[in-house]
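The next block holds one structure in the form of structure tokens; read it before the comments.
Residue numbering restarts at 1 for every chain, and letters A, B, ... go by the order of the sequence lines. Note that this is a predicted model, so its numbers are computed, not measured.
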2 protein chains.
Amino acid sequence: MSALLRLDAFLPYRLSAASNAVSKVIASAYQRRFELSVPEWRLIAVLREIGESTQQNLVQRTLMDKVAVSRAAERLVQRALVSRSEDENDGRARLLSLTRKGLALYDAIAPEARAYEKQLLAALSKEEIAALHAMLVRVQNAATALEQNARERDDEP
Amino acid sequence: MSALLRLDAFLPYRLSAASNAVSKVIASAYQRRFELSVPEWRLIAVLREIGESTQQNLVQRTLMDKVAVSRAAERLVQRALVSRSEDENDGRARLLSLTRKGLALYDAIAPEARAYEKQLLAALSKEEIAALHAMLVRVQNAATALEQNARERDDEP
DNA sequence: GCCATTTAGTTTCTTATGCAACCATCTTCC
DNA sequence: GGAAGATGGTTGCATAAGAAACTAAATGGC
């Protein structure tokens, strides 16, 4: 007989609990101070990083659903934080980029975001932080690989 | 001027990405094989661990919303995986416990859950895994502490 | 013992999320 | 050069999750 499975020592649970706690506090901060949802903030962050970009590109960068990107973009455009223009090379695509106002908002948020992160990681050393990031990436990759397997198994029979 | 904030080196994002990837693959496995949602599975796991329990107690153990617990319990009772009885000492509370059928289902799921976890952690050593768990807990605690602060700041002014 | 407050749990409403279907355009292969 | 399929994006729908209001019972002061 195998030992009991303890939920709070079970990785998927630990991960979800940590992620929930963090995103709850972060999300409510963005909301309260800047009236931004997390998806909206992600678009802003990535647009600041890479400049003009198609939505499809943002989907890959943020791992968000294309619907989520479309809706977040819509709201940001309405608030004039982001401008949307046609892509010369592809009639289907739309190019997003930050407006001056969007840039200003980014400049206001970024330091706060960093401050939050710092507090979250206050108990960890530089090396631990690096290790944590690396492990999260590895676990994430393992998960997507598993999902891939499941999909293939589903497709064949 | 401060350096750019890179989304994919930003802890809340990394955490959420990893957690999403993991819970997606896990959730679809539970769903497909056992017709259980993640909240339902959590209740089963904890009930197996601690035996008979009030819903309130399950809320604390699983960190789920009381509404989520109520709804998951409802479904499990309907499927006769869990039985619900009155609490002698407290007329408001209801005691949940696994039925024979629920226990059998647990016995079927637990090994699979462990196998998934093993694959997710395949790339990590024992020590790394322990470190990962410990760090996730610390980050989670930091987040709930931050949330506490925010609440207090909100209440006073 | 009785009112005020707190707590356990459910119901209801609102919002978020994700999938599927869809339209428009682009690619490619004959 | 014109189908057949693939791709970027939006819309619509169904379900999940969370907050708030509510009921019923318990606790605590007086």
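- As rounded to whole Å, 16 Å separates atom C1' of dA16(C) from atom NZ of Lys24(A).
- What separates CZ of Arg75(A) from C1' of dT17(C) is a distance of 16 Å, to the nearest Å.
- Residue Leu96(A) contributes atom CG, which lies 14 Å from atom C1' of dT10(D) at whole-angstrom precision.
- Nucleic acid contact class of Ala68(B) (heavy atoms, under 4.0 Å, all strands): none.
- Atom CG in Asp90(B) sits roughly 10 Å away from atom C1' in dG9(C) (whole-Å rounding).
- Put simply, the side chain of Thr62(B) gets close to the backbone of Leu58(B): a donor and an acceptor are under 3.5 Å apart.
- Of the residues near DNA chain D, Asn20(A) and Arg92(A), the one whose nearest nucleotide (by heavy atom distance) lies more toward the 5' end is Arg92(A).
- For Glu88(B), the CD atom is loosely surrounded, since the number of other residues' heavy atoms within 6.0 Å does not exceed 12.
- Using a 4.0 Å heavy-atom criterion, one finds that Arg94(B) contacts the sugar-phosphate atoms exclusively.
- Heavy-atom nearest nucleotides on DNA chain C were determined for Val67(A) and for Glu88(A), and the one closer to the 5' end corresponds to Val67(A).
- For residues 24-71 of chain B, the pairs satisfying ring-ring contact (aromatic ring centres under 6.0 Å, His included) are Tyr30(B)-Trp41(B), with sequence neighbours left out.
- The pair Arg79(A)-Glu35(A) fails the salt-bridge criterion, with no side-chain N (NZ, NE, NH1 or NH2) lying under 4.0 Å from an Asp/Glu carboxylate O.
- Taking atom CD of Glu86(A) as the reference point, atom P of dA24(C) lies 14 Å away to the nearest angstrom.
- With hydrogens and angles disregarded, no donor-acceptor distance shorter than 3.5 Å links the side chain of Gln148(B) to the backbone of Ala145(B).
- Under a 3.5 Å cut-off, the side chain of Glu147(B) and the backbone N or O of Thr144(B) do not form any donor-acceptor pair.
- Atom CG of Asn89(B) is separated from atom P of dA8(C) by 14 Å (rounded to the nearest Å).
- As a whole-Å value, the separation of Asp87(A) CG from dT27(C) C1' is 15 Å.
- Glu74(A) places its CD atom 12 Å from the C1' atom of dT11(D), with the value rounded to the nearest Å.
- Residue Ser70(A) places at least one side-chain N or O under 4.0 Å from the OP1 or OP2 atom of dT10(D).
- Interface residues of residues 37-64 of chain A facing DNA chain D, ordered by number: Thr54(A), Gln55(A), Gln56(A); criterion, heavy-atom separation under 4.0 Å.
- Judged purely by atom type and a 3.5 angstrom limit, Gln55(B) has no side-chain atom pairing as donor or acceptor with the backbone of Arg94(B).
- Residue Arg71(B) is the one, among Arg71(B) and Lys66(B), whose nearest nucleotide of DNA chain D lies closer to the 5' end (criterion: closest heavy atom).
- Nearest nucleotide to the Asp65(B) side chain, out of dG12(D), dT10(C), dG18(D): dG18(D).
- Between the base of dG9(D) and the side chain of Arg84(A) there is no donor-acceptor pair shorter than 3.5 Å.
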